[in-house]
Amino acid sequence: MNTQIYDSIVIGAGHAGIEAALAIARAGYQTLLLTADINTIGKMSCNPAIGGLAKGHMVREIDALGGQMAITTDQTALQFRMLNKSKGPAVWAPRAQSDKKQYSLMMRRVVEAEPNITLKQALAEEILLQSGKVYGVLTDCSEMCYAKTVVVSSGTFMKGLIHIGDVNFPGGRGGEAPCEKLSDSLRAIGLELERFKTGTPPRLRANSIHYDVLELAPGDENPEPFSFRTRELKNPNLPCWLTYTNENTHEIIRKNLHRSPLYAGRIEGIGPRYCPSIEDKVVKFADKNRHQIYLEPEGTETDEIYVNGLSMSLPEDVQYQVVRSMSGLENAELVRLAYAIEYDYAPPTQLKLNLETKVVENLFLAGQINGTSGYEEAAAQGLMAGLNVIRKLKNEPPFILSRSEAYIGVLIDDLVTRGTNEPYRMFTSRAEFRLLLRQDNADERLMKYGHAFGLIPNETFEVLHERRLKIDSLIDQLRNKRHQNTSLEKLLRRPEMSLSQLPGASKEFSTEHPNVLRQVELTIKYEGYIQRQLQDVEKFRKLEAKPIPDHFDFQSLTGLSREASEKFHKIRPSSVGQAARIPGITFGDVSVLLVNLLKSST
């Protein structure tokens, strides 16, 4: 019998569980990591890519806080691309095609090498409580595992149900058993659970594709690493390819909609609006005569090609028809079928901003269990749950990132304050201060926190400090140097001008790191916009700085509608700013709250 009391138990070794367990363990705490299958640690269940629009920002933030995802991506990527380069710098976004197998293997090596992590293959079936606090977990082997804190990051495994046409069967993902009992335990302790749905496209055999008629999609020739700690990239630069659906494809789908469990009413869960199945695309965007399909290699040691954009739940015979209706795929062989999966999740308004549940102390939830989709959203939550477990173990205040300082702050505030009625996906448009939250300055915004937690080494933090000094020095040089009685700084503000075009400056700056030069150029060109956003941030912080006591009685407030009173009581906002962001709350409701807070403090 194992009588050890761990500092934390992390349930699930996906992207959320890995970041949570590593953060807690690297801070010096004994951590038990439970997974249904050790061979699937860090498995990329769906697409073979990390990053993308807004998601790439979060990966850089995870890295700045001391997380693992960016480093492993740099070590196992097949291709790097900076997206949105034709637009403003606020929405530039790094993305990498990953070697699925190598990514998972590397994550397993990292986890196994961490001395404070005990890795165990077992299913968590019951959360153990005493006096409203968690004290451990019961596994499927009837083993009692004891801990001061527990993080649940179960992904799509809780009562997972896979659909392919008329067929459905239990599964956490393709080829893996679901977790059936954990949902019942979470309900028993007072958590509300609902159902969401997501899906995955088919995989094709690479040598069955006609590449000569496809559009090539290569990676960047001079790629930038994801991690601020990566000094050199030695990755291959493998191409992807583009093809498109057509009217024939759409007609095949329309004729077989009655065979899709999504449209036949056999799927109850709500699916992701921003990553819809091909059935949804054909029905909801009937005016579109084609949709882009991105063919992505899954690794150097596999023949599988991921068909990005073709998620579906149609039966096997229809899947073949759909795939083979597209240019270049006329003879394609399906290695794995597409499927939809339903699973239990816990509406995230049941959480505090530190991702601890409101009904049970020391129990944290992270990842898809909170209603999100995507590896990056999961990893961000896992890391934040881990950092807050550390704070909890130290009896210190929660670690909360503001919406004004990180996309991760936007993510968690959206989930906890507003909730979600569909699988949540991060977009740059969700952030009010996105010019300040660029992917290139995540280290300047957040590395101080990672260093304070002991997850960023001193030498890395010193490099950041030296780079900041270099940026400031170069900006001063541009302000002081003149060309024909005009400072180089003023010349650089002109829309058509870049650093490399400045008279007499190109040689001097040519030896500097590209990221240093980018920061210099952006700081000068966007100084006015940045200053205005900083002023907006200051207004935002004034509302955030008005705290609401933990046990404030919202239901006793006079002058509030019943709806507002119930929403305040359910969400239990920690500040006036958070209260104002609750959907349906009016300016008048916030005014009533402010008056009552003033009365209670006098």
Side-chain angles (χ1 to χ4, degrees), residues 11-12 16-17 124-134 137-138 149-161 170 172 178-198 267-273 341-373 377-378 381-382 384-385 388 398 411-425 550-551 554-555 562-574 578-579 581-585:
I11 298 171
E125 293 193 335
E126 185 179 344
I127 304 296
L128 304 177
L129 299 184
Q130 189 172 39
S131 303
K133 293 184 179 182
V134 70
V137 169
L138 178 68
T149 60
V150 171
V151 180
V152 181
S153 52
S154 51
T156 60
F157 278 73
M158 292 201 309
K159 293 191 184 296
L161 184 65
C179 179
E180 296 288 357
K181 295 184 179 180
L182 186 58
S183 291
D184 300 330
S185 175
L186 293 175
R187 281 195 176 95
I189 66 178
L191 283 173
E192 173 194 348
L193 300 183
E194 294 180 6
R195 299 283 277 177
F196 268 169
K197 166 257 175 187
T198 190
I267 292 180
E268 298 176 2
I270 299 170
R273 184 194 322 180
I341 181 169
E342 289 184 280
Y343 55 93
D344 284 351
Y345 82 100
T349 51
Q350 300 172 98
L351 301 175
K352 302 175 185 177
L353 285 169
N354 65 347
L355 297 181
E356 183 181 21
T357 65
K358 295 173 182 175
V359 295
V360 175
E361 190 175 350
N362 298 335
L363 176 64
F364 296 78
L365 307 184
Q368 282 186 275
I369 190 173
N370 290 337
T372 59
S373 67
E377 289 89 346
Q381 292 172 75
M384 291 300 290
N388 275 293
L411 166 72
I412 294 175
D413 185 63
D414 276 355
L415 293 173
V416 173
T417 306
R418 299 170 177 171
T420 183
N421 56 11
E422 62 188 32
Y424 180 100
R425 180 178 179 180
D550 287 343
H551 303 292
F554 292 101
Q555 293 182 313
R562 177 177 293 181
E563 179 187 6
S565 178
E566 289 175 351
K567 286 182 175 180
F568 282 150
H569 180 71
K570 178 183 178 182
I571 303 298
R572 300 206 62 79
S574 59
Q578 186 189 2
R581 291 190 295 276
I582 297 173
I585 293 300

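Atoms considered below: every heavy atom in the structure, side chains included; atoms not considered: hydrogens, waters and symmetry mates.
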Mind checking whether Gln578 and Ile571 have side chains closer than 4.5 Å, heavy atoms only?
yes

Nearest heavy-atom pair of Val137 and Ala124: which atoms, and what distance?
CG1-CB, 3.5 Å

Would a 4.5 Å heavy-atom cut-off, applied to side chains only, mark Leu138 and Glu125 as touching?
no

Calculate, to the nearest 0.5 Å, the distance between atoms CG and CZ belonging to Leu182 and Arg187 respectively.
11.0 Å

Return yes if some donor-acceptor pair links the side-chain N/O of Arg418 with the main-chain N/O of Asp413 below 3.5 Å, else return no.
no

Closest non-hydrogen atoms of Ile582 and Phe568, given as atom of the first, atom of the second and distance, are CD1-CD2, 3.9 Å

So, Glu194 side chain and Pro347 main chain: donor-acceptor pair closer than 3.5 Å or not?
no

Can any side-chain N or O of Glu356 pair as donor or acceptor with the backbone N or O of Asn362 at less than 3.5 Å?
yes

Using only atom types and a distance under 3.5 Å, with no angle test, would you say the side chain of Ser185 pairs donor to acceptor with the backbone of Ile127?
yes

State whether Arg581 and Asp414 are salt-bridged, where the test is any N-O pair (Lys NZ or Arg NE/NH1/NH2 against Asp/Glu carboxylate O) under 4.0 Å.
no

With a cut-off of 6.0 Å (strictly less than), are more than 12 heavy atoms of other residues, nucleotides or ligands near NZ of Lys181?
no

Could you tell me whether the side chain of Thr357 reaches within less than 4.5 Å of the side chain of Leu351, counting heavy atoms only?
yes

Can you confirm whether Ile369 sits close enough to Leu186 that some side-chain heavy atom of one is under 4.5 Å from a side-chain heavy atom of the other?
yes

Indicate the atoms forming the closest heavy-atom contact of Pro348 with Leu415, along with that distance.
CG-O, 3.3 Å

Asn388 and Leu355, any side-chain heavy atoms less than 4.5 Å apart
no

Does the side chain of Pro170 reach to within under 4.5 Å of the side chain of Glu180, using non-hydrogen atoms?
yes

Kindly assign one of parallel, tilted or perpendicular to the pair Phe196 and Tyr343, based on the angle between their ring planes and the thresholds 30° and 60°.
perpendicular

I'd like to know if the side chain of Lys358 and the backbone of Lys570 have a donor-acceptor N/O pair within less than 3.5 Å.
yes

I'd like to check Pro423 versus Thr198 (side-chain heavy atoms, cut-off strictly below 4.5 Å). Are they in contact?
no

Exam field: side chain Asn370 to backbone Leu365, donor-acceptor pair closer than 3.5 Å:
yes

I need the minimum non-hydrogen distance between Ala579 and Ile585, along with the two atoms involved.
O-CG2, 3.7 Å

Check: Val416 main-chain N/O paired with Thr349 side-chain donor or acceptor under 3.5 Å:
no

Between Leu411 and Thr372, is there a side-chain heavy-atom distance shorter than 4.5 Å?
yes

In terms of heavy-atom contacts, Ala16 and Ala378 come closest through CB-O, 3.2 Å

Atom OG1 of Thr156 and atom CD1 of Ile341: how far apart are they, to the nearest 0.5 Å?
4.0 Å

How long is the gap from CD1 on Ile270 to CD on Glu342, to the nearest 0.5 Å?
10.5 Å

About how many Å separate CE of Met158 and CD of Gln368, when rounded to the nearest 0.5 Å?
11.0 Å

To the nearest 0.5 Å, what is the distance between NZ on Lys159 and CG on Asp184?
4.0 Å

Show the nearest heavy-atom pair for residues Lys133 and Glu361, with the distance to one decimal.
CE-OE1, 3.1 Å

Under a 3.5 Å distance rule, please check whether Ser153 uses its side chain to pair with a backbone N or O of Ile11 as donor and acceptor.
yes

